[in-house]
Amino acid sequence: MSKIQAYNGIDLTFVSLRNYSISKDERFKHWWRFFRLEESFADAPEVVREAYEAVNPMNMTEEEREIAELAKRYQDDYAADMSTAWIEGKEEGEKKGRAEGRYELVSTMHENGLSIEEIARYTNLTEAEVESALRVL
């Protein structure tokens, strides 16, 4: 957390939320909920309640509502993209892990004197795949 003295007597406080435990600091729990688009606590300070009121669609102009809707769509699209990327990355990692495990198995079998034909039969790989795995190693 850092505090900066700004102009005209306004103090600005910046909080990095990456490694910060909001639950340990009561001063920020209301803003934490606000920025996470969660419902306000009943005991929220006046300034936080005013912030909730300011972003209430019922109190916005048509232009502000359109901008808010665009922002929401952007957030939803971004979340969907990140979810898809995470799934694709997980699948790619699992595939790579299986391939590495297969290479290790082929290598161990070869080191223990099994022929390429025997390794292919036990691993359900083709002889060409076994030879390729041995070249990679």
Side-chain angles (χ1 to χ4, degrees):
M1 181 170 63
S2 63
K3 195 168 196 165
I4 298 172
Q5 179 72 32
Y7 62 93
N8 293 334
I10 298 173
D11 288 333
L12 301 176
T13 301
F14 295 91
V15 179
S16 172
L17 300 179
R18 286 181 185 227
N19 299 316
Y20 191 77
S21 178
I22 294 296
S23 62
K24 292 181 182 177
D25 195 333
E26 290 290 313
R27 297 174 299 166
F28 301 112
K29 73 176 184 180
H30 299 289
W31 286 114
W32 175 254
R33 291 184 65 82
F34 176 81
F35 288 116
R36 293 193 49 155
L37 305 175
E38 296 175 1
E39 192 173 320
S40 172
F41 285 131
D43 66 337
E46 180 65 27
V47 66
V48 175
R49 287 196 304 271
E50 289 173 6
Y52 274 98
E53 199 60 32
V55 297
N56 183 337
M58 298 302 291
N59 298 330
M60 293 181 185
T61 66
E62 183 64 32
E63 182 182 11
E64 290 170 334
R65 277 193 292 276
E66 288 175 10
I67 291 170
E69 173 135 350
L70 284 173
K72 176 70 172 133
R73 270 192 261 154
Y74 172 79
Q75 287 175 325
D76 291 345
D77 289 348
Y78 179 78
D81 288 346
M82 289 295 103
S83 177
T84 301
W86 185 85
I87 291 168
E88 290 172 354
K90 183 176 182 257
E91 290 171 354
E92 184 178 324
E94 289 171 351
K95 183 178 177 181
K96 183 177 179 183
R98 284 190 298 274
E100 288 174 359
R102 187 177 316 124
Y103 292 149
E104 288 179 24
L105 177 63
V106 166
S107 175
T108 301
M109 293 172 87
H110 192 260
E111 288 170 3
N112 285 301
L114 274 72
S115 69
I116 291 175
E117 296 81 21
E118 290 173 312
I119 295 171
R121 185 177 35 185
Y122 293 134
T123 60
N124 291 324
L125 296 172
T126 66
E127 290 181 20
E129 289 171 324
V130 172
E131 290 172 352
S132 176
L134 290 172
R135 279 194 300 274
V136 168
L137 300 168

message = Is there a side chain to side chain contact (heavy atoms under 4.5 Å, CB included) between R121 and L114? Walk through the geometry before answering.
response = CA-CA 11 Å; R121 185 177 35 185; L114 274 72; over 6 Å; no
Distance, nearest 0.5 Å, that separates CZ of R102 from CG of N124 =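 Between R102 CZ and N124 CG, I get 10.5 Å after rounding to 0.5 Å.
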query = What distance do R33 atom CZ and E39 atom CD have between them, rounded to the nearest 0.5 Å?
reply = 7.5 Å
Cationic N near anionic O, under 4.0 Å, [X] to [Y]:
{"X": "K90", "Y": "E94", "answer": "yes"}
{"X": "E69", "Y": "K72", "answer": "no"}
{"X": "R65", "Y": "E62", "answer": "yes"}

request  = Please examine the side chains of D43 and K29, heavy atoms only from C-beta on, and report whether any two atoms are closer than 4.5 Å.
outcome  = yes
ask   = Name the one of H110, E104, E111 that satisfies side-chain hydrogen bond (donor to acceptor under 3.5 Å, both in side chains) with S107?
value =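 When side-chain hydrogen bond (donor to acceptor under 3.5 Å, both in side chains) is applied between S107 and each of H110, E104, E111, only E111 qualifies.
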key: Modelled atom types, side-chain donor and acceptor of T61 and E63, under 3.5 Å   = no
ask   = Which pairs with one or both residues in residues 36-82 pass ring pair (Phe, Tyr, Trp, His ring centres under 6.0 Å), sequence neighbours excluded?
value = H30-F41, F34-Y52
task = Determine, step by step, whether R49 and E46 satisfy the salt bridge (Lys or Arg N to Asp or Glu O under 4.0 Å) criterion, reporting the C-alpha distance in whole Å, the side-chain angles of both residues, the deciding distance to 0.1 Å, and the verdict.
result = CA-CA 5 Å; R49 287 196 304 271; E46 180 65 27; 2.7 Å; yes
message = Could you walk me through whether M109 and T123 satisfy the side chain to side chain contact (heavy atoms under 4.5 Å, CB included) test, starting with their C-alpha distance in whole Å, then the side-chain angles of each, then the deciding distance to 0.1 Å, before giving a yes or no?
response = CA-CA 10 Å; M109 293 172 87; T123 60; 3.8 Å; yes
inquiry  = Working note: E131 + I116, criterion side chain to side chain contact (heavy atoms under 4.5 Å, CB included); need CA distance, chi angles, decisive distance, verdict.
reply    = CA-CA 7 Å; E131 290 172 352; I116 291 175; 3.6 Å; yes
ask   = After noting the C-alpha distance and the side-chain angles of I119 and E127, does the key distance pass the side chain to side chain contact (heavy atoms under 4.5 Å, CB included) rule?
value = CA-CA 8 Å; I119 295 171; E127 290 181 20; over 6 Å; no
key: Check: S132 side chain, A128 main-chain N or O, donor-acceptor pair, under 3.5 Å   =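 No.
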ask   = Do L125 and Y122 belong to the same hydrophobic cluster, where Ile, Leu, Val, Met, Phe, Trp and Tyr are linked whenever their side-chain heavy atoms lie under 4.5 Å apart, directly or via other members?
value = yes
